[in-house]
Amino acid sequence: EGGEAKRRRRSIVRLRRPTNQLVTPLLTDLYQLTMAYGYWKSGRHEEAAVFDLFFRKNPFRGEFTIFAGLDEVLRFLGSFSFSESDLEYVAKTLNNPEQGFMDWLADINCRRIRVWAVAEGSVVFPRVPLLRISGPLAIVQLLETTLLNLVNYPSLVATNAARMRLAAGPGKVLMEFGLRRAQGPDGALSASKYSYLGGFDATSNVLAGKLTNIPVKGTHAHAYVQSYTSLNDLRSTALLSNENFLQSVLDTRTAFGFPDANDGELAAFVSFAQAFPDGFLALVDTYDTLSSGVPNFISVAVQIFKLGRKPLGLRLDSGDLSYYSIKSRELLRAAAKQFNIPELAKMSIVASNDINEQVLYSLKAEGHEIDAFGIGTHLVTCQAQPALGCVYKLVEISGTPRIKVSQDIHKVSLPAKKQAFRLYSRQGTPLVDLLLLNTEAPPKAGERILCRHPFNGAKRCYVTPARVVALLQEVWDGSKAGTGVVRPTPEDPDDVDGVGALFAVRKRAMAQVTDLRDDHLREVNPTPYKVSVSTALYEYMHELWQREAPIAEIS
């Protein structure tokens, strides 16, 4: 049996590995191992257990969250196995536990684990299980910390990105620029991936682009402009078929009325155009945005247009972004009219510089002329709220529902193995998420359903849904080799970059956010979305609550 177990373990390892090689069974808290040993020592390690992974409060003072990280969860389950060096370290750390426990640890994998999950990219709400994990008690316990790590930050940054997408508006291009400010290499890669899932369009992170096919975008830094001190720094004055490109640019600048704009900056722009005649996008605020940067950009762009190529636009990285974007657009329109190049008026204006959700709303209110935003620090570090706060709670052991009781009602858990359904209105908007005991019949469209607040008996309502959608679907059955690990995604004609499964998840996220009522999405005081329980679950939960909570004595 030991040899067979090792062969099974090796077969699982051959499935898709986690993106980060550090995601192993040792990426956990010590108390998971001490509990596993305690379970084993008391002979309870094989008891059937069910855990729910959920969160208690939406982030960023909002009323929705985007669920992300499921793909990495499945990769972790498919590769879960303690290596020989892992086992040596565990034995040392636990001060040489009994050999029987170490033999058990050497043989375990996730073949007896089953997982139900909400689809990745779904809009989710507090207390609804994102994952329901069942299997032998000690094994399911060992998964806790890693699963929380794989879900918490991805869901947080995807939600942050979705909120910024709402603030910017659907027609704006959003680019993730946070690599240099992210919490280490893994934080940076995760931010690129999950901000794209939440609605961003591109990243500056080259490695993220290689790994995921997310479009990679970028221009140049101020250092590139500063490195040119005069026109004499140019090695060539030609571009494509125009041998006198530099002189043509200078003539354009004079004709446009800015002969005294910074020559070093102009030299930098010319050299960048020589390198990227089909991708010319210049950073215009190194010296003076309106008196030098924008006129120098226009002078180069006019001559690129005359060569039959199309420049991309300009980038603002400092100052009053609304004001400078409006004034830059005015200069572009004036040049378009003067040089009879209509497309010049439509050049993309990109803005960066410490942008957050509130800045995006403010810019919108001021009527800015920005087409694209590069957002870094506030996106990837989630400065407005650094953690989501997912938790992992035991809800059933050996078929018996369990409850976590607390003086803080916010921390009381919902017991038992549960189903989750989303009830929709005739207009197609979500009305309420309803949790039921797993033994209850699912709700049906067109049938009146009593929905109850989990803790407040006076809060209840009848709902007659036009549509009912089951939220939890089985995504992992370890007894079936490979289940849930590789699920081919049908090709989507909209996926022009070949992102694949991540594109489909992004599409789901954006569609589900759009489906929500406007009052759930508004920036200030959004309406809370209802998460209810069935009468059967309500009554059972409160009965169990009273049974488990001691009765206080007052004397």
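- Residues Asn58 and Thr65 bring a donor and an acceptor atom of their side chains to less than 3.5 Å of each other.
- Note: Leu130 CG to Asn152 CG = 9.5 Å, rounded to the nearest 0.5 Å.
- In this structure a side-chain-to-backbone donor-acceptor pair under 3.5 Å is missing from Ser122 to Val124.
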Side-chain donor-acceptor pairs under 3.5 Å in residues 434-451, sequence neighbours left out?
{"from": "Glu440", "atom 1": "OE1", "to": "Ser534", "atom 2": "OG", "distance (Å)": "3.3"}
{"from": "Glu440", "atom 1": "OE2", "to": "Leu437", "atom 2": "N", "distance (Å)": "2.8"}
{"from": "Glu440", "atom 1": "OE2", "to": "Ser534", "atom 2": "OG", "distance (Å)": "2.6"}

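- A donor-acceptor contact shorter than 3.5 Å is absent between the side chain of Asn109 and the backbone of Ser81.
- Heavy atoms of other residues, nucleotides or ligands lying less than 6.0 angstrom from CG of Asn456 number more than 12.
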Determine all donor-acceptor pairs shorter than 3.5 Å in which one atom belongs to a side chain in residues 387-396; sequence neighbours excluded.
{"from": "Tyr392", "atom 1": "OH", "to": "Val140", "atom 2": "O", "distance (Å)": "2.8"}

Report task. Before giving the answer on salt bridge (Lys or Arg N to Asp or Glu O under 4.0 Å), spell out for Arg422 and Asp433 the whole-Å C-alpha distance, their side-chain angles and the decisive distance to 0.1 Å. Result -> CA-CA 4 Å; Arg422 184 158 295 167; Asp433 282 9; 2.8 Å; yes

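- Ion pairing between Glu72 and Lys193 holds under the 4.0 Å rule for side-chain N and carboxylate O.
- Every side-chain contact (heavy atoms from CB on, under 4.5 Å) that Thr146 has, sequence neighbours left out, goes to Val23, Leu27, Thr28, Phe76, Leu150.
- Atoms CZ and CG, from Arg111 and Leu77 in turn, are 12.5 Å apart once rounded to the nearest 0.5 Å.
- In this structure, the separation between CG on Leu30 and CE on Met35 is 9.5 Å, given to the nearest 0.5 Å.
- How far OH of Tyr361 is from CZ of Arg522: 11.5 Å, rounded to the nearest 0.5 Å.
- Using modelled atom types, one finds no donor on one side chain facing an acceptor on the other under 3.5 Å when comparing Thr381 with Thr377.
- One finds the CG atom of Leu423 at 12.0 Å from the NZ atom of Lys530 (value rounded to the nearest 0.5 Å).
- Counting only residues at least two apart or in different chains, salt bridge (charged side-chain N to carboxylate O under 4.0 Å, His left out) contacts with residues 114-126 comprise Arg114-Glu474.
- Considering only heavy atoms from C-beta on, Glu63 comes within 4.5 Å of Pro528 through its side chain.
- One finds the CG atom of Leu179 at 7.5 Å from the OG1 atom of Thr203 (value rounded to the nearest 0.5 Å).
- At distances below 3.5 Å, at least one donor-acceptor pair connects side-chain atoms of Ser42 with backbone N or O atoms of Tyr39.
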Distance-only criterion, 3.5 Å: show the donor-acceptor pairs between side-chain atoms of residues 535-555 and protein atoms not counting sequence neighbours.
{"from": "His542", "atom 1": "NE2", "to": "Pro454", "atom 2": "O", "distance (Å)": "2.9"}
{"from": "Glu548", "atom 1": "OE2", "to": "Arg402", "atom 2": "NH1", "distance (Å)": "3.0"}
{"from": "Glu548", "atom 1": "OE2", "to": "Arg402", "atom 2": "NH2", "distance (Å)": "3.4"}

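- Ring-plane geometry between Phe125 and Tyr529 is classed as parallel, the angle between the planes falling under 30 degrees on a 0 to 90 degree scale with a further cut at 60.
- Applying the side-chain contact (heavy atoms from CB on, under 4.5 Å) test to Leu26 and every residue at least two apart in sequence or in another chain returns Thr24, Phe82, Asp86, Tyr89, Val90.
- Judged by distance alone, with hydrogens and angles left aside, the side-chain atoms of Asn160 form a donor-acceptor pair with the main-chain N or O of His378 at under 3.5 Å.
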